[in-house]
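Remarks on the structure that follows.
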Amino acid sequence: MNSSNTPRANRYNKTNVSGKTFYLETFGCQMNVHDSEKVVGTLVEQGYSQVETPEEAHLVLYNTCSIRDKAEQKVFNRLQNFKRDAGKGKVFGVLGCVAQQEGEKIFDRAPHVSLVCGSASYTRFGEMLVQIEAGNRRVTGLSLDTEETFDTPFTRRDNPHRAYITIIEGCDKSCAYCVVPFTRGPERSRTSESVMAEARGLAEKGYSEIQLLGQNVNSYRDPSPAGWDFATLLARVAEVPGIRRVRYTTSHPRDFVRAIVDAMDSNESICDHVHLPVQSGSSKVLAAMDRLYTRDEYMRRIDWLKSAKRKYSLTTDIIVGFPGETEADFEQTLQLLDEVQYDSLFSFKYSPRPNTSALAMEDKVPDEEKQRRLLILQEKQRAIQIRRNAESIGSVREVLVEGRHESLGQWIGRTSDNRTLNFSHPETGGKSLIGQYLSVRVTRSGPNSLVGESVTVV
Ligand code: SF4
């Protein structure tokens, strides 16, 4: 999953008669962003209203990510800044992956924290709030022993056009570098019935794009008697009237089966984009990572996608400098980039994380070497992207309008194949185009985005 720090855009307030306020900052992947939307919904239902800054809030929450050390450090730095506010009526809580990973140690490291809650315990979040309000200053939700998923009718979505739906939580894989199985617990799939009801409800409210979420959506297994697999669920969600785009993330190559490509080929509402994290181009490194596929097996999936009826954009994640990665292994990753020609990728230096098997591995790659490899990889990918994006010049693409760059006088659109396409459009008389689907002719391209002109008359 791609990482970003995402301070929330919308502020929510039911009818706040209690004067209770909260501030929530989210770190990490889309799963965390969507968990926060559900946490906000629960808070608002319990009479809290959302404020812009931690200074204004009674309850300050950080929904954390522990995939990389940096995000974790950021959270503790934020907490440190408010140490002086301890005992002044402000309550602090740590949610998500760092909460699960560090557990009660957080109370030692930041004694002004009162709530520590991992994502597998969000179903009890409402109860925990009641305990906090009763004055309890050591409230925890750290059990991973759950078969439940965090479903709530009170989700407060940040975007009025594009909505996330979590279909599976947790992960049963055990990739050697990854903390997720430890922080999010075992896989739990929602019933197809509840996912479909949510999708239909969103369409009725005017959402036109849905993104199905899970640590590994491909291993979705409907626990109800219908027994749908991921390909079936994907196809059915795409058939919901009013839904024009369906995306999904993240995939695991081992569970990415041919039926998913068939489902995509036969339903144009499923976006022309597949994010298929490879992590390394070397089968030796993949085995050390415990990724459960070889380079050849991964390439078979790429071949399915490249020989499909539709043209799909392909993106991936790569880790450089995993313990034992030699120059020759790294070369194989570079060759893989040449072979696949990804449209974009997220690349990271391997970072040792607690509770992972890679932590004990020998043959560590020095940091300078990891940095060198990362730069070479990124430079190569940049050249590929410049070339790939230039191929779009002259074409007319449909975009969902997501925003506006006032300073540039441009609208921000996203294509079905997940490219950002900034475009000019005749004066609208102050009318917003956000949420509309428009046709845009691509006139220029760069390494990370396209530029164009609207050809739709509004
Ligand atoms: S599939 Fe691997 S990398 Fe992805 S969440 Fe599970 S353990 Fe982590």
Side-chain angles (χ1 to χ4, degrees), residues 1-4 27-35 63-72 96-101 118-120 122 144 146 149-150 164 166-190 211-221 229-230 247-257 260 274-283 285-295 297-298 301 315-323 325 333 345-361:
M1 291 226 167
N2 51 323
S3 292
S4 64
F27 298 83
C29 61
Q30 290 101 321
M31 287 286 283
N32 265 10
V33 171
H34 186 41
D35 282 346
N63 185 5
T64 61
C65 167
S66 61
I67 294 265
R68 264 158 276 284
D69 198 29
K70 243 197 210 155
E72 189 181 321
C97 293
V98 172
Q100 191 69 52
Q101 182 185 293
S119 60
Y122 283 152
L144 287 175
T146 179
T149 51
F150 182 31
Y164 295 125
T166 304
I167 61 166
I168 179 169
E169 292 179 18
C171 183
D172 284 350
K173 298 282 186 292
S174 46
C175 302
Y177 52 82
C178 182
V179 290
V180 166
F182 181 78
T183 56
R184 286 190 170 264
E187 281 178 0
R188 291 98 66 199
S189 293
R190 286 175 63 188
Q211 185 157 353
L212 303 177
L213 292 182
Q215 241 69 47
N216 176 7
V217 288
N218 306 150
S219 68
Y220 173 82
R221 278 288 169 277
D229 60 9
F230 175 65
R247 302 184 185 276
Y248 59 90
T249 196
T250 260
S251 287
H252 188 293
R254 162 79 173 241
D255 302 323
F256 188 88
V257 293
I260 299 172
V274 177
H275 184 72
L276 198 58
V278 65
Q279 310 300 3
S280 169
S282 153
S283 291
V285 174
L286 290 171
M289 287 176 168
D290 213 359
R291 286 289 289 174
L292 309 176
Y293 55 85
T294 62
R295 178 194 174 110
E297 284 162 346
Y298 180 86
R301 273 86 182 147
T315 58
T316 199
D317 296 338
I318 288 183
I319 295 172
V320 298
F322 189 74
E325 183 191 72
T333 299
L345 61 78
F346 296 102
S347 51
F348 309 96
K349 289 189 283 183
Y350 165 70
S351 116
R353 306 305 298 129
N355 303 303
T356 59
S357 57
L359 204 56
M361 287 181 185

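Along the sequence shown, residues carry numbers from 1. Both counts, for ligands and for their atoms, begin at 1 and track the order of listing.
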Subject >> Residues in salt bridge (Lys or Arg N to Asp or Glu O under 4.0 Å) contact with Arg353, at least two apart in sequence or another chain >> reply: Asp69, Glu72
Original post:
Between the side chains of Asp35 and Asn63, is a donor N or O closer than 3.5 angstrom to an acceptor N or O?
Top reply: no
Subject >> Pair Tyr350, Glu325: side-chain N/O donor-acceptor within cut-off below 3.5 Å >> reply: no
Subject >> Ligand-residue contact atoms, ligand 1 with His252, heavy atoms, under 4.0 Å >> reply: 1 (S)
**OP:** Calculate, to the nearest 0.5 Å, the distance between atoms OG1 and CZ belonging to Thr333 and Phe322 respectively.
**Re:** 12.5 Å
**OP:** Would you please determine whether Arg291 falls within less than 4.0 Å of ligand 1 on a heavy-atom basis?
**Re:** yes
Original post:
Among all residues two or more places apart in sequence or in another chain, which pass the ring pair (Phe, Tyr, Trp, His ring centres under 6.0 Å) test with Phe256?
Top reply: none
Subject >> Tally, protein N/O/S atoms nearer to atom 8 (Fe) of ligand 1 than 2.8 Å >> reply: 1
Subject >> Side-chain heavy atoms of Ser219 within contact of Glu187, under 4.5 Å >> reply: yes
Original post:
What residues form a side-chain hydrogen bond (donor to acceptor under 3.5 Å, both in side chains) with Ser282, not counting sequence neighbours?
Top reply: Asp329
